[in-house]
**Q** 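Quick one: the structure is below, and I'll ask about it shortly.
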Amino acid sequence: MDNLNTTAEKIRTMEIRGAGRIAVAASAALRDYAMSLKSLPLSEFNLKLEAAAKTLVDTRPTAVSLPNSVALTKRHSATNVYDAINEITGNAEKFIKNAEQALGKIGRIGAQRIRDGDVIMTHCNSHAALSIIKTAFDQGKDISVIATESRPRRQGLITIKELNDYGIPTTMIVDSAVRLIMKEVDLVVVGADSISVNGALINKIGTSQLAMAAHEARRNVIVAAETYKFSPRTLLGEMVEIEDRSIDEVIDAQILRELPNVKVRNPAFDVTPAEYIDLIITEVGAFPPTMAFTVIKDYLGLELAV
Ligand code: RUB
C-alpha cells in the first residue's frame with residue numbers, strides 16, 4: 001500500500017497534476033498494488049483493491065479522468081487472483097498506452113484547425129492543448145501563444161516554460177487581462193478535467209471567462225480532451241464536483257488573521273457551458289459538444305455510469 005499511498009499523496013498535493021497525468025499515474029499505481037496482493041484469497045484481494053481504488057479516487061474530486069482510469073483498470077471477471085492480476089495488468093497497460101497515443105492523435109486532429117499566422121490563447125497547463133499547439137508549430141505554421149498566469153497555483157508558468165523550450169513565441173498575461181487581449185487572438189485552445197453529457201466543460205478556474213470573452217469577440221474555442229475525460233456518471237444526473245482547495249493558495253494566513261470579517265474562497269475549476277465551445281478534439285475525432293452522449297456511449301461504455 002506504500003507506493004499507492006505515495007501516488008495518492010502526490011496527486012492530492014498536485015506534485016502529479018493535470019487530468020491526463022493523474023489518470024495515468026493512478027492506473028499504474030493500482031496495477032502495481034494489485035501485483036503486490038498475489039498471495040491473498042480472491043475475496044480479500046477484491047476488498048483491498050476496492051479500498052485502494054477509493055483512496056486514489058478520493059484524492060481530487062473534479063477530474064473525471066481519475067475515476068474513469070481507476071474503473072477501467074480495476075475491472076476483472078477472474079475467479080482466481082492470478083487471473084485477476086493478469087486482467088488488471090492488461091487493463092493498465094492498455095489504458096496507459098491509449099492515453100499516450102491519444103495525445104499525439106489529438107495534436108494531429110487539432111492542428112488542422114490552426115492556420116498559419118494564428119495567435120492562440122490558452123489557460124493553465126494542459127498537455128492535450130499543448131499537443132495541438134506544438135503539432136501546428138511542427139507543421140511549420142507561424143503561430144504564437146498568449147498564455148494566462150492561471151492563479152492561484154500559476155500553472156501558466158509551466159506552460160510558458162514548455163512553449164519557450166519548444167521555440168514557440170509566447171506572451172504571458174495575468175488572468176484578468178483575458179478580455180482586453182482577446183481582440184488580438186484568433187482562437188482559444190484549452191484542456192479539460194471533465195466534460196459532462198450536456199457538453200459542458202469543467203476545467204481550471206477562469207476557463208469560462210476565456211470562453212465568454214472569446215464568444216463575445218466571435219473567436220472559436222477548441223477543447224482538447226481524451227475520451228476518458230468525458231463523465232459517464234453525468235448521464236445519471238450526477239454533477240461534477242468543483243474542488244475547493246486550501247485558501248493558503250490564495251492569501252497569506254497572517255494577512256487573513258488581521259481581517260476577521262473576511263472570508264476567502266478558492267474554487268479550483270469552473271464550468272463552461274456547451275454554447276461557448278465550438279469543438280472538442282478527442283483522439284477519435286473532433287466533435288461538437290452536443291455529441292458528448294455519443295462519445296460516452298461509444299468510447300467509454302454506459303457501464304461506467306453505475
Ligand atoms: C489542470 C487543468 C488542465 C486539465 C487538462 O488543473 O485544469 O487544463 O487538467 O490537462 P490542475 P491535461 O493543475 O489543478 O490539475 O490536458 O494535461 O490532462
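Indexing begins at 1, ligand by ligand and atom by atom, following the structure's order.
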**Q** Checking R75 against E87 for the salt bridge (charged side-chain N to carboxylate O under 4.0 Å, His left out) test, could you report, in this order, the C-alpha distance in whole Å, the side-chain angles of both residues, the deciding distance, and whether it holds?
**A** CA-CA 8 Å; R75 66 180 169 192; E87 271 190 56; over 6 Å; no

**Q** Could you find the nearest protein heavy atom to atom 5 (C) of ligand 1 and give me its residue, atom name and distance?
**A**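 Here the closest protein heavy atom is A192 O, 3.4 Å.
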
**Q** Using distance alone, with no hydrogens and no angle criterion, decide if D193 and T62 have a side-chain donor and acceptor under 3.5 Å apart.
**A** no

**Q** Is E100 paired with K97 through a side-chain N to carboxylate O contact shorter than 4.0 Å?
**A**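 Salt bridge between K97 and E100, a charged N being under 4.0 Å from a carboxylate O: no.
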
**Q** What atoms in ligand 1 come closer than 4.0 Å to a heavy atom of F269?
**A** 6 (O), 7 (O), 14 (O)

**Q** Should you measure from each heavy atom of N203, which atoms of ligand 1 turn up under 4.0 Å away?
**A**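 Those qualifying, in numeric order: 2 (C), 3 (C), 4 (C), 7 (O), 8 (O).
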
**Q** For N46 and H76, which I'm curious about, is there any donor-acceptor pair between the side chains at under 3.5 Å?
**A**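 Yes, H76 and N46 have a side-chain donor paired with an acceptor closer than 3.5 Å.
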
**Q** Has ligand 1 got any nitrogen or oxygen that is less than 3.5 angstrom from a nitrogen or oxygen of R21?
**A** no

**Q** Flag yes if I143 and M121 sit in one hydrophobic cluster, no otherwise; membership is Ile, Leu, Val, Met, Phe, Trp, Tyr, and two members link when side-chain heavy atoms are under 4.5 Å apart.
**A** no

**Q** Name the closest protein heavy atom to atom 4 (C) of ligand 1, giving the residue it belongs to and the distance to 0.1 Å.
**A** D193 OD1, 3.2 Å

**Q** If you count the atoms of ligand 1 from 1 in the order shown, which ones are under 4.0 Å from a heavy atom of A128?
**A**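 Near A128, the atoms of ligand 1 are 16 (O).
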
**Q** Is the closest heavy-atom distance from N125 to ligand 1 below 4.0 Å?
**A** yes

**Q** Give me the residue, atom name and distance of the protein heavy atom closest to atom 9 (O) of ligand 1.
**A** A19 N, 2.8 Å

**Q** So, do F95 and Y228 have ring centers that fall under 6.0 Å from each other?
**A**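 When the ring centroids of F95 and Y228 are compared, they turn out to be within the sub-6.0 Å range.
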
**Q** Should side-chain heavy atoms under 4.5 Å link Ile, Leu, Val, Met, Phe, Trp and Tyr, which residues sit in the same cluster as V64?
**A** none

**Q** In this structure, does ligand 1 have an atom that sits under 4.0 Å from one of the heavy atoms of A268?
**A** no

**Q** Please indicate whether any nitrogen or oxygen in A129 is less than 3.5 Å from any nitrogen or oxygen in ligand 1.
**A** no

**Q** Determine the minimum heavy-atom distance between A129 and V190, stating which atoms define it.
**A**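 Distance-wise, the nearest heavy atoms are CB-C, 3.8 Å.
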
**Q** Which atoms from ligand 1 have a heavy atom of Q155 less than 4.0 Å away?
**A**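 What qualifies from ligand 1 is 11 (P), 13 (O), 14 (O).
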
**Q** Within the structure, does I22 bring an N/O atom to less than 3.5 angstrom of an N/O atom in ligand 1?
**A** no

**Q** Less than 4.0 Å is my threshold; does some heavy atom of E226 fall inside it relative to ligand 1?
**A**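 For ligand 1, residue contact (heavy atoms, under 4.0 Å) with E226 is absent.
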
**Q** For ligand 1, find out whether one of its N or O atoms is nearer than 3.5 Å to an N or O atom of H123.
**A** no

**Q** Between ligand 1 and K229, can you find any atom pair, the residue atom being a heavy atom, that is separated by under 4.0 Å?
**A**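 Contact check K229 vs ligand 1: positive.
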
**Q** Would you kindly specify which portion of A225 sits under 4.0 Å from ligand 1, judged on non-hydrogen atoms: side chain, backbone, both or neither?
**A** neither

**Q** How far is atom 1 (C) of ligand 1 from its nearest protein heavy atom, and which residue and atom name does that atom have?
**A**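 Sorting protein heavy atoms by distance from atom 1 (C) of ligand 1 puts R17 NH2, 3.5 Å first.
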
**Q** Against ligand 1, does C124 come closer than 4.0 Å with any heavy atom?
**A**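 A heavy atom of C124 does come that close to ligand 1.
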
**Q** Any non-hydrogen side-chain atom of K141 less than 4.5 Å from a side-chain atom of D116?
**A**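 When only atoms from C-beta onward are counted, D116 and K141 do touch, with a gap below 4.5 Å.
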
**Q** Number the atoms of ligand 1 from 1 as they appear, then name those within less than 4.0 Å of a heavy atom of K204, with their elements.
**A**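 Matching atoms, with element in brackets: 6 (O), 7 (O), 11 (P), 14 (O).
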
**Q** Any heavy atom of R153 sitting closer than 4.0 Å to ligand 1?
**A** no

**Q** Does either side chain, that of Y166 or that of D138, offer a donor lying less than 3.5 Å from an acceptor on the other one?
**A**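 Side-chain D/A pair, Y166 to D138: present.
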
**Q** Do me a favour and list the nearest non-hydrogen protein atom to atom 16 (O) of ligand 1 with residue, atom name and distance?
**A**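 Going atom by atom, the protein heavy atom closest to atom 16 (O) of ligand 1 ends up being S126 OG, 2.7 Å.
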
**Q** Decide whether an N or O pair under 3.5 Å exists between G191 and ligand 1.
**A** no

**Q** Please determine, by modelled atom types, if S194 and S231 share a side-chain donor-acceptor pair under 3.5 angstrom.
**A** no

**Q** Flag the pair Q155 / M14 as yes when at least one side-chain heavy-atom distance between them is below 4.5 Å, and no otherwise.
**A** yes

**Q** Which ILVMFWY residues can you reach from Y276 by hopping between side chains whose heavy atoms are under 4.5 Å apart?
**A** M212

**Q** Which of the atoms of ligand 1 are close to G20, meaning less than 4.0 Å from one of its heavy atoms?
**A** 18 (O)

**Q** Are T159 and L130 side-chain neighbours, meaning at least one heavy-atom pair lies under 4.5 Å?
**A**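 Sidechains of L130 and T159: in contact.
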
